[in-house]
Amino acid sequence: MNILRAPRALAAAALLVQAWAPPAAAGTETRQLPIIDGALATQDQLYATVALVDPDTGEAFCTGTLIAPRVVVTAAHCLVVEDEDTGAITERLGPEHVLVVAGLVDVAEATWEEAYAPLTVTAHPDYPNYAPQPPHASGAGRLDDIGVLVLEEAVTQLTPAALPSEAEAIAALTAGVQVIVSGYGKTSVDDEATGLLFVAETSFVHRAEAELVLGGAGEPDTCQGDSGGPAYLAIGDVLALVGTTSRASDDVELPCGEGGIYAFTPSYRQWLATASGGAYEPADLGTPTGPADPATPDGGDPADDDDAFTDEDFDCSAGAAGASWPALLGLLVLARRRRRSI
């Protein structure tokens with residue numbers, strides 16, 4: 001059976017479940033913890049953080065950040081399947097592979113009211129952009145590990161995060177400044193998926209081209225399941241998105257707990273605007289982060305879009321509206337080392 005996607009008008013559709021092998025890339029290390037040395041988030045600490053979940057099981061496999069009412073930023077490796085040996089992309093995910101859950105600390109409590117279906121799912125076309133000699137010992141440089149989802153409907157539970165310009169973010173990223181990281185990562189080494197949102201503060205270390213290095217030994221850190229999640233920084237009175245969780249640093253021993261690399265999200269503002277079809281519009285801090293009435297990627301009405309959902313997009317036979325997501329296990333570790341997705 002499947003939890004199948006449906007538009008909000010069909011919220012009375014039943015929720016069905018099935019064990020599933022997730023399409024997103026994954027880390028192969030055995031240590032798989034949530035935000036290391038973090039704490040379970042409160043409702044006030046949701047900020048603009050969302051979960052990317054498998055529509056068949058309701059399990060979170062990556063994290064994302066809302067930057068406009070219908071636009072979610074995440075890691076590119078969450079939106080593709082990569083060959084375990086070569087790293088070559090073998091599949092790019094479509095909208096049918098992902099749901100976005102917004103407004104909850106615990107994904108297991110989600111109903112269709114918190115679930116949003118994407119119209120488009122786009123990984124950066126240059127990912128993975130491996131450099132033969134990264135500019136920093138950590139391996140940070142420009143991997144282009146960033147992706148975007150445009151949702152069918154606007155998220156109502158959260159306020160989109162402000163995405164500063166490169167100049168604004170660079171000016172605020174002083175040595176040792178504290179950055180908030182969060183994600184729906186795992187909680188133990190026994191591969192038990194939880195979908196609980198954890199938060200922590202860690203320090204800014206370095207910026208290399210289009211990536212940031214955050215944290216280090218003895219500091220909080222992100223881990224598997226946190227991929228695509230936010231690194232927030234207070235800039236004036238605005239909590240702004242400056243990073244998107246990518247991977248562990250190359251110059252450490254452990255996949256988690258010794259520092260990590262994050263896409264420098266402000267470097268991708270124009271790409272995000274283009275890839276979202278205008279549903280996200282770059283703006284200075286303190287101004288709206290998206291159009292008041294965002295259009296579909298092709299500028300048309302969602303009902304007229306070929307990717308919009310109809311009654312034929314789902315088949316339900318059990319359950320009722322408002323039922324909780326199932327707490328099923330069975331996520332399969334698929335892909336490359338040190339990536340911070342499940």
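- For the pair Leu197 and Leu40, the minimum side-chain heavy-atom distance is 4.5 Å or more.
- A heavy-atom distance below 4.5 Å is found between the side chains of Val72 and Leu151.
- Within the 4.5 Å cutoff, side-chain heavy atoms of Thr63 are placed close to those of Pro230.
- Taking 4.5 Å as the limit, every side-chain heavy atom of Ser138 sits out of range of all side-chain heavy atoms of Asp250.
- Here the options are Val80, Leu79, Val150, Thr74, the test is side-chain contact (heavy atoms from CB on, under 4.5 Å), and the partner is Val121; only Leu79 passes.
- Of all heavy-atom pairs between Leu46 and Tyr232, the closest is O-OH, 4.2 Å.
- When side chains are defined from C-beta on, Arg142 does not count as touching Tyr130, because their heavy atoms never get closer than 4.5 Å.
- Side-chain atoms of Tyr268 and Asp144 form a donor-acceptor pair, as typed in the model, at a separation below 3.5 Å.
- Two different hydrophobic clusters hold Val179 and Val205 under the rule that ILVMFWY side chains link at heavy-atom gaps under 4.5 Å.
- Between the side chain of Glu114 and the main chain of Thr111, a donor-acceptor pair closer than 3.5 Å is present.
- Side chains of Thr245 and Ser227: no donor on one and acceptor on the other come within 3.5 Å.
- At a threshold of 4.5 Å between side-chain heavy atoms, the hydrophobic network of Ile, Leu, Val, Met, Phe, Trp and Tyr places Val242 and Val213 in two separate groups.
- Salt bridge Arg269/Glu281: absent, no basic N to carboxylate O contact under 4.0 Å.
- At distances below 3.5 Å, not a single donor-acceptor pair connects side-chain atoms of Asp226 with backbone N or O atoms of Gly229.
- Here the side chains of Arg70 and Val155 are not in contact, with every heavy-atom distance at 4.5 Å or above.
- Put simply, the side chain of Tyr116 does not reach to within 4.5 Å of the side chain of Val98, judged on heavy atoms.
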